[in-house]
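Okay, structure first, notes after.
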Amino acid sequence: MKSNFNADLSKEKKLTPLLDSYYQKHLKHYSFERVSNLKKQLLGIDLILKDNRSEKQFFVDEKAQLDYINESLPTFAFELFYQKNGIQRQGWLFDASKKTHFYALVTSIYSDEEDVFTSCNITMVNREKLISYLHGLGLNKEQLERVISKNNDRHGKLVLDEFNPKTEGYLFFSRKNKAEQPVNLIFKLDFLIRIGVAKRLS
């Protein structure tokens, strides 16, 4: 597991210049500062965006689909729970200790040669709006926890009444193929844009 983690960190570093060029091009009214402090990163802050018109600051957590280079996936996984040392822990979406305002979801990452990244898509998701939307459907942290505990031995997709699994989203249990056994809410990126909780940088 450790070598994988280090390989991901190395890929993330090599992806950073491309991401920064997208922010400079598309977020014209913002200046940004990369965060290297590990404590802040653990709070879900990879980037601090500052609105030059109002001086407001926003904390951004970058999530990149680095396992799918040169592929274009229409979905993204939002972590609800994962296992560590046999104990179920809170995933990043509902984790109250995270200070994240926006997720920068990096998808369709293309590379001409190994670890030289040429293009990607960035979808900015407003975390508070997404959680509020889920609450409006009755899907708060506790309700999702109940659904998950009822299906604890499941591996694979679980369709929720609240979403069309083909066009919107579903739950996914990775019980057999990942050490951390995460349970994720999988959303279509177009759906998140359609309901007004996300925007693509373009």
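Please read these numbers as outputs of a predicted model, since none were measured by experiment.
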Is it possible for you to say whether [X] and [Y] belong to one hydrophobic cluster, with membership spreading through side-chain heavy-atom contacts below 4.5 Å?
| X | Y | answer |
| --- | --- | --- |
| F172 | L137 | no |
| I186 | V147 | no |
| F76 | Y82 | no |
| I109 | Y23 | yes |

Quick one: does N126's side chain have a donor or acceptor within less than 3.5 Å of a partner on E128's backbone? yes
Hey, is the main chain of K188 close enough, under 3.5 Å, to the side chain of T75 for a donor-acceptor pair? no
Quick note, salt bridge (charged side-chain N to carboxylate O under 4.0 Å, His left out) partners involving residues 98-114, not counting sequence neighbours, are none
What residue pairs, at least two apart or across chains, pass salt bridge (charged side-chain N to carboxylate O under 4.0 Å, His left out) with a residue in residues 44-64? R34-E62, D51-R53, D61-K63
I'd like to know whether the aromatic ring centres of F78 and F187 sit less than 6.0 Å apart in this structure. yes
Between [X] and [Y], which heavy-atom pair has the shortest distance, and what is it?
| X | Y | value |
| --- | --- | --- |
| L192 | V125 | CD1-CG2, 4.2 Å |
| K11 | L66 | NZ-O, 3.5 Å |
| Y110 | E71 | OH-C, 3.9 Å |
| V35 | Q41 | O-NE2, 2.9 Å |
| L80 | Q90 | O-NE2, 3.4 Å |
| L93 | L134 | CD2-CD1, 4.2 Å |

Start with the C-alpha distance between I48 and F32, add both sets of side-chain angles, then the distance that settles side chain to side chain contact (heavy atoms under 4.5 Å, CB included), and finish with yes or no. CA-CA 6 Å; I48 298 172; F32 63 91; over 6 Å; no
For the atom pair [atom1] ([X]) and [atom2] ([Y]), what is the distance rounded to the nearest 0.5 Å?
| X | Y | atom1 | atom2 | answer |
| --- | --- | --- | --- | --- |
| C120 | L18 | SG | CG | 4.5 Å |
| L139 | L185 | CG | CG | 7.5 Å |
| N152 | I148 | CG | CD1 | 8.5 Å |
| L201 | M124 | CG | CE | 6.0 Å |
| T16 | L47 | OG1 | CG | 9.5 Å |
| S174 | R154 | OG | CZ | 13.0 Å |

side-chain contact (heavy atoms from CB on, under 4.5 Å) partners of [X], counting only residues at least two apart:
| X | result |
| --- | --- |
| S132 | none |
| E168 | F163, N164, F191, R194 |
| N140 | H135, E142, Q143 |
| P165 | V159, Y170 |

Is any side-chain heavy atom of [X] closer than 4.5 Å to a side-chain heavy atom of [Y]?
| X | Y | value |
| --- | --- | --- |
| Y30 | K28 | no |
| R200 | I122 | no |
| R89 | F81 | no |

Take Y22 and S119 through the test side chain to side chain contact (heavy atoms under 4.5 Å, CB included) and record every step on the way to the result. CA-CA 9 Å; Y22 275 67; S119 68; 3.7 Å; yes
Those residues that, when tested against T118, pass side chain to side chain donor-acceptor pair (under 3.5 Å) (two or more places apart): none
Could you pull out all residues at least two apart from D95 that satisfy side chain to side chain donor-acceptor pair (under 3.5 Å)? S97
Please list, one pair per line, the donor and acceptor atoms closer than 3.5 Å that link side chains of residues 100-108 to other protein atoms, with sequence neighbours excluded.
unit_1: T100; atom_1: OG1; unit_2: G44; atom_2: O; d: 2.8
unit_1: H101; atom_1: ND1; unit_2: F59; atom_2: N; d: 2.9
unit_1: Y103; atom_1: OH; unit_2: W92; atom_2: O; d: 3.4
unit_1: Y103; atom_1: OH; unit_2: R127; atom_2: NE; d: 3.1
unit_1: S108; atom_1: OG; unit_2: S72; atom_2: OG; d: 2.9
unit_1: S108; atom_1: OG; unit_2: N121; atom_2: ND2; d: 3.4

Who pairs with Y133 by ring pair (Phe, Tyr, Trp, His ring centres under 6.0 Å), at least two apart in sequence or on another chain? none
Pair F173-L158, side chain to side chain contact (heavy atoms under 4.5 Å, CB included): steps then yes or no: CA-CA 8 Å; F173 295 74; L158 176 69; 3.8 Å; yes
Linked hydrophobic residues, L38 as query - side chain contacts closer than 4.5 Å: L42
With ILVMFWY side chains joined below 4.5 Å, transitively, what does L73's cluster contain besides itself? Y68
Dump the intermediate steps for side chain to side chain contact (heavy atoms under 4.5 Å, CB included) on V60 and I45, then the final yes or no. CA-CA 5 Å; V60 179; I45 309 169; over 6 Å; no
I'd like to know whether S31 forms a side-chain hydrogen bond (donor to acceptor under 3.5 Å, both in side chains) with N52, so could you lay out the CA-CA distance, the side-chain angles of the two residues, the decisive distance to 0.1 Å, and finally the verdict. CA-CA 7 Å; S31 50; N52 297 327; 3.1 Å; yes
